[in-house]
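Owing to the predicted nature of the structure, the values given are computational and were not obtained by experimental measurement. Just the heavy atoms: all of them, side chains too, but no hydrogens, waters or symmetry mates, feed the values below.
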Amino acid sequence: MTSTLRRIIDCFSDCSGCKTCKGNARQDMLNMNQDTNCAPMLTQGVRLHIQDRYVVMDNGIVQVSLSKPGGIVTGIRYNGIDNLLEVRNKETNRGYWDLHWNEIGGKGIFDVIQGTSFRVIVENEEQVEISFTRTWNHSLEGKYIPLNIDKRFIMLRGSSGFYSYAIYEHFREWPGFELGETRITFKLRKDKFQYMAVADNRQRYMPFPDDRSNGRGIPLAYPEAVLLVDPLDQRLTGEVDDKYQYSCENKDLRVHGWICFDPPVGFWQITPSDEFRSGGPLKQNLSSHVGPTTLAMFLSSHYAGKYMVPQFEAGEPWKKVFGPIFMYFNSAAYGNDPLLLWEDAKIKMMVEVQSWPYSFPASEDFPKSEQRGNANGRILIQDRYISNDCVIASGAYVGLAPPGDAGSWQMESKNYQFWTQANENGFFSIRNIRPGDYNLYAWVPGFIGDYRHEAVITIISGCNIEMGDVIYEPPRDGPTLWEIGIPDRSAAEFYVPDPDPKYINRLFVNHTDRLNSISPISFLKNFLHMITPDLGRKVSCLEPSLMEILSRVYLFDMHSPKNLQLCELLNMFSVIIFCSSTGRFRQYGLWERYTELYPEGDLVYKIGVSDYRKDWFFAQVVRKIGDNAYQGTTWKIKFELDNVDRNGIYKLRVALASATLAELQVRVNDPNSNRPLFTTGLIGRDNAIARHGIHGIYKLYNVDIPGADVSGKIGFFSGFLLRSKLLNVVMDNGIIQVTISSPDGIVTGIQYNGIDNLLEVEDEEVHRGYWDLVWSKTGSTGTTGTFDVFKGTSFKVVVETEDQVEVSFTRTWDISLEGDVVPLNLDKRFIMLRNSPGFYSYAVFEHLEEWPPFNLPQVRIVFKLRKDKFHYMAVADNRQRFMPLPEDRLLDRGQPLATPEAVLLVNPVEPEFKGEVDDKYQYSSENKDLKVHGWISLNPPVGFWQITPSSEFRSGGPIKQNLTSHVGPYCLAMFLSAHYAGEDLVLKLNPGEPWKKVFGPVFLYLNSVSSEDNAFSLWEDAKNQMLRETQNWPYSFPASEDFPKPDQRGKVCGRLEVQDRYVSYEPIPANGAYIGLAPQGDVGSWQRECKGYQFWTRADEDGNFTIDNIRTGEYNICAWVPGFIGDYKYDVVVNITEGCDISLGDLIYEPLRNGPTLWEIGIPDRTAAEFYIPDPDPKYINKLYVNHPDRYRQYGLWERYADLYPDGDLVFTVGISDYKNDWFFAQVNRKKEDGTYQGTTWQIKFLLRDVDHTGTYTLRLALATAHLAELQVRVNDPKSDPPLFTTGEIGHDNTIARHGIHGLYRLYNIDVAGVELVEGENIIFLTQAMNTDPLQGIMYDYIRLECPPTTSS
């Protein structure tokens, strides 16, 4: 029996009964013997059993097993059931903490948090507390979220359940990140738990998880919604299942869970406080759903979007405690109603809330009650147009949250919040507040806007702050002319239609609070009578009020040190028995009903005639006008004014309950005005409509309407919820049909050769075909930033003829967007030509001089193809293969390796891939070779190819490496990236610097054959098409004036020769030289250039070259010659004008040279490909690269160095050693036994017969790449300090980790005084000194030692 019920019984034990009471027998309906006060003879204390791989907590009521040191709950034994968790799942998929995170600007990573160490915190008869921690260090960067995580589990004597909480900590010196979600998940046994309860009026028998699979369920508009067509329980046929239908607001999300009927057992998740949740009391979160799954949500962006995702910058320390929450189990005797377990769970929830903050958690980061403070006061409203006196803010939501702007609490997710509701007199008491600085916030149902107390409130241990009366003055300029709705931050009062009968959830048919017809007194009496008949009869005799009952029941608590406020208890009890709104809005597909209800025109609302409960649709959505076409809507508000103040300003207050990718425009009396009176711009990521919500993030807009714009009779309110044009634009030439969202400019569908969509239909539309970028504020370091799948805000048809269509999707920047989106005007274009099996895309990026500067690390186009169709990938003639599925990279099928991109496939869907490593960087290519790549579907035989006909708009020159295609199946067009280069290739605009660049066009080419036997010939056809596209460059059809046509460009020709007097007295033709025009800069700066355009070619065998189709502008002529070190730059700036044909004649390159060569190692070709590349570890192979020319693309080759040189570092003896066999391709760190790393020192030994002690020798060191490295050079003394030469820390290329053979080229020229050398054996020591990471190191291109210029050697 619960302690709460014991107090109820004790409270009324003096009642003598009545006639009605006599003769009734006691009925012990529930087996509630799990709590402490009246537990029947529970003598066993809490025991802890520690095994090799498991830890078991056992108090004689419940037994909980956890993996060690992972801290995954693998088993819960209770009431004769050996495991309440799903035994068919892997142990890691039963009960766990998880999170979703990403590096700043990176892609999201799902992480089931596994501890790496285990510790017992408390162990005695009364309590066990255990800890599972994961500690972060820089070697884990990119692989795990940079947090120290401490998961705790607690079991108490006599308690029918256990507690869990976690401490997350981020140190100042650690990298930044974003934390999209964190939660606890329990997967229960589907053969046991089939009845779910979330609230009194939201409980039901649930479908099985199998019912959502293909064959039994049909996916609807998004992945979470499934129509059940052949469920295991046929009574559920025709219903829609969606986990979001069972979401709850934080204030109501105290208890939820599942009931098993045989035996009658309940599994409940109880959250006693919201202080650690994000977003305040109205933030909506998931609860329980089909699985059977029960969740404890702490952080999530549901119903809020990116505004609720906390971003932690580098240098920002943070610590937060999530929880504790309580997992509660109860049971009933056979023959009794198992649904009474829900009633008991609610009572248990009240007990836990009353006990908060708990006294038993051992962590010092969880303050106890005496370490917290209280704040009390009264909130009043001053609105002179309602009353000259202050109005009591009855029912106001009042809270303390971190300091910020008014209303910022609803987007706050990093810290703690403490909320209550004011009583009928406006009094509030906020108790048990953690120490810290806060603002007092409030909002009052019935009034618009947000209140914030101006003074920061500092809470210290034991404080009790009396704030007195606080006055909220809601926004108000004048008296109300008219109003629509109720200012309660939801759309629940408006008209919510019946659902389409094909898409229902029966729970929400005619859904109302089933307790609305039962008074609170009746509910409490009935419940007391059910538990203890004698007490029930006594209560019936007394006929007390609810206040009297509760005040007597909690009399002792009100005088206890916890000082529980009666008003707060009443609020908690109201959670159980009241529900003010219906759940009609939780039905699927209600947005589609708008078109049916308004088939001929949009909503018109007449003030004084219309009723918002019937005539105002709950959501302003787009109108469906075809199978895949929609258009924006314009709603009208008509009202009459008898007198208009022409000189005054009227105020329109528009309070939005939610917005998703919307733009609301307001016009008055002129619905066709090109420029609206007001626009919100693009707002919202709430997704409340799709997720069956009735509110999301509250937004209030105050619109000034000049009296001169208002007529005496009628006004118009014009709103475009999602878009101002069609939702979809379709380009169709009879061969291919491309669907693009409008005005977003996202490619949502590609129909070709009988396939309705080549893109991944299981993904959200926004994840199918899109342009994206990564940007960061100026001054930021590194290559990450804010990731933006940038969407247009306006759509325009640029060209529409029988031969060509070109459409434009633009996003225009202004100063109001500063900090939110990159300061660029963006214009995405798509082109389709007659009879062309494909389409083109390009974009124009523009930054104006007066706009703020920024960094731009990445720009690309991404296409996500159907994984059920495209399995064969081709990047080059010798780099094509069948690829794994994306599922193979998940935790249950793949094992993450040293970098997030590298995964060892341990249980792939296709067994043939088992034991292989998959990593997208294994398929990178140099710009000069990256002209066509893509995928082949075998059934039907169809190819999808990305063709880049020119590299002029790419960064970094001809040998810059970029991603191509990879598992997904993904197909990329990379324009800007820092891959294999690091921050040196991040575009950085300076203050006052204007910039404009056109990226593309690129061609998305589709082809097909009739027979699967010929499917691989699609690659050959794609190559031929690539040649045609290249020959047609520059295209004549793009309409943008920023893309110059062939006759608007120029041409340069000439011949390059090499003059090296130590090789030949005559100039040598620069056979095969790379020659290009690039923006002006230093020698070799082209490889770091990313703002402008570059134009490259290769010289023929005589050194002749021609570069044509050059954009107008001023350039340097740049070159480098395989076989010779260094870079060439023509001294004269070349000015390209329209139609020019410049002949440069003979150009002479004199590579660096001081004297004749004494010896050399390698080939000066800017790669390390000629050196020794080992076989991979057999455990980590990619079968494509076994016996392949690109053997360096195998994973983990850096680890082979220690295998090949176990006892000492590399020694190369000139004249004896062979660089092809004896020079390891990368100088990397050596792993030590303790798991740390040490730098390596390589030796070059050589003999000198004669030494010019007065001369200077020259050591040329050409590096192919470097990553967080420092190369030190010493001669004949390995311990000399300082060294003869050091590079200092260089490089962020990351080439070693990314399976490359070169990155950025670096040339160092080191003077070696003759006195440093000796006759006989000399040794040059090359030390790579940075040693914190296995992936640090360098690759050499070429090393040469030259004699002094005057030597006769």
Side-chain angles (χ1 to χ4, degrees), residues 475 477 481 484 601-605 620-623 630-639 641 644-656 659-684 699-727 729 741-745 790-798 800 807-818 820-829 844 846-851 1039-1041:
D477 286 358
L481 284 172
I484 301 173
D602 286 327
L603 182 150
V604 177
Y605 189 92
Q620 186 170 2
V621 293
V622 294
R623 173 185 298 281
Y630 298 81
Q631 69 180 181
T633 53
T634 299
W635 290 7
K636 297 179 182 179
I637 302 173
K638 293 187 175 184
F639 58 98
L641 292 179
V644 178
D645 183 353
R646 299 292 182 188
N647 298 317
I649 300 294
Y650 292 77
K651 186 77 75 173
L652 179 67
R653 312 278 185 189
V654 182
L656 302 185
T660 302
L661 297 174
E663 179 184 2
L664 179 65
Q665 300 177 348
V666 178
R667 293 173 173 85
V668 177
N669 289 328
D670 182 4
N672 299 315
S673 61
N674 289 329
R675 189 182 184 118
L677 174 68
F678 169 80
T679 177
T680 61
L682 183 64
I683 55 172
K699 300 174 178 70
L700 177 64
Y701 297 97
N702 305 293
V703 185
D704 288 339
I705 303 177
D709 292 347
V710 181
S711 72
K713 290 294 181 183
I714 195 166
F716 290 97
F717 172 78
S718 173
F720 295 83
L721 176 62
L722 285 178
R723 296 153 177 90
S724 59
K725 297 292 183 182
L726 295 180
L727 181 62
V729 176
S741 64
S742 172
D744 295 350
F790 59 89
K791 299 177 180 179
T793 56
S794 65
F795 161 72
K796 183 174 64 169
V797 178
V798 179
E800 186 177 10
V807 291
S808 164
F809 303 87
T810 57
R811 185 175 83 185
T812 304
W813 195 86
D814 62 61
I815 201 69
S816 69
L817 300 172
E818 186 168 3
D820 293 330
V821 298
V822 61
L824 285 172
N825 286 339
L826 302 170
D827 184 357
K828 295 186 289 185
R829 301 284 185 98
V844 185
E846 183 177 22
H847 177 263
L848 301 185
E849 181 177 357
E850 61 271 21
W851 289 354
S1040 172
E1041 294 180 355

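- The minimum heavy-atom distance between A662 and A659, with the atom names listed, is CB-CB, 4.3 Å.
- Judged by distance alone, with hydrogens and angles left aside, the side-chain atoms of R623 form a donor-acceptor pair with the main-chain N or O of G601 at under 3.5 Å.
- The nearest pair of heavy atoms linking N702 to R653 is OD1-NH1, 2.8 Å.
- Applying the side-chain contact (heavy atoms from CB on, under 4.5 Å) criterion to T812, with sequence neighbours excluded, gives N825.
- Every residue meeting the salt bridge (charged side-chain N to carboxylate O under 4.0 Å, His left out) condition with D704, not counting sequence neighbours, appears here in chain and number order: K651.
- Taken from CG in L664 to CG in L682, the straight-line distance is 12.0 Å, to the nearest 0.5 Å.
- For T679, the side chain to side chain donor-acceptor pair (under 3.5 Å) partners two or more places apart in sequence, or in a different chain, are E663.
- Every residue was checked against the ring-ring contact (aromatic ring centres under 6.0 Å, His included) condition with Y650, not counting sequence neighbours, and none meets it.
- Residues passing the side-chain contact (heavy atoms from CB on, under 4.5 Å) test with E849, sequence neighbours excluded: P994.
- For the atom pair L661 CG and K791 NZ, the distance stands at 4.0 Å (nearest 0.5 Å).
- Taken from CZ in R829 to NZ in K796, the straight-line distance is 6.0 Å, to the nearest 0.5 Å.
- Residues meeting the side chain to side chain donor-acceptor pair (under 3.5 Å) test with S1040, sequence neighbours left out: none.
- In this structure A655 satisfies the side-chain contact (heavy atoms from CB on, under 4.5 Å) test together with Y698, L700, sequence neighbours excluded.
- Counting heavy atoms from C-beta on, the side chains of F795 and V807 come closer than 4.5 Å.
- In this structure, the side-chain contact (heavy atoms from CB on, under 4.5 Å) partners of L817, at least two apart in sequence or on a different chain, are W813, D814, V821.
- With values rounded to the nearest 0.5 angstrom, L677 atom CG is found 10.0 Å from R667 atom CZ.
- Scanning all heavy atoms of the two residues, the minimum distance from V798 to S808 falls at CG2-CB, 3.6 Å.
- Here the closest heavy-atom approach between residue S794 and residue P743 is recorded as N-CB, 3.5 Å.
- Partners of K699 by salt bridge (charged side-chain N to carboxylate O under 4.0 Å, His left out), not counting sequence neighbours, listed by chain and number: D686.
- Between atom CG of residue L824 and atom CH2 of residue W851 there is a gap of 7.5 Å, rounded to the nearest 0.5 Å.
- A 6.0 Å sphere centred on CD of E1041 holds no more than 12 heavy atoms belonging to other residues, nucleotides or ligands.
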- Message: Walk me through whether L481 and F639 qualify under side chain to side chain contact (heavy atoms under 4.5 Å, CB included).
- Response: CA-CA 9 Å; L481 284 172; F639 58 98; 5.7 Å; no

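- Considering CD1 of I649 and CG of D477, their distance stands at 10.0 Å, rounded to 0.5 Å.
- When all heavy atoms are compared, the tightest approach of K828 to D744 is NZ-O, 2.8 Å.
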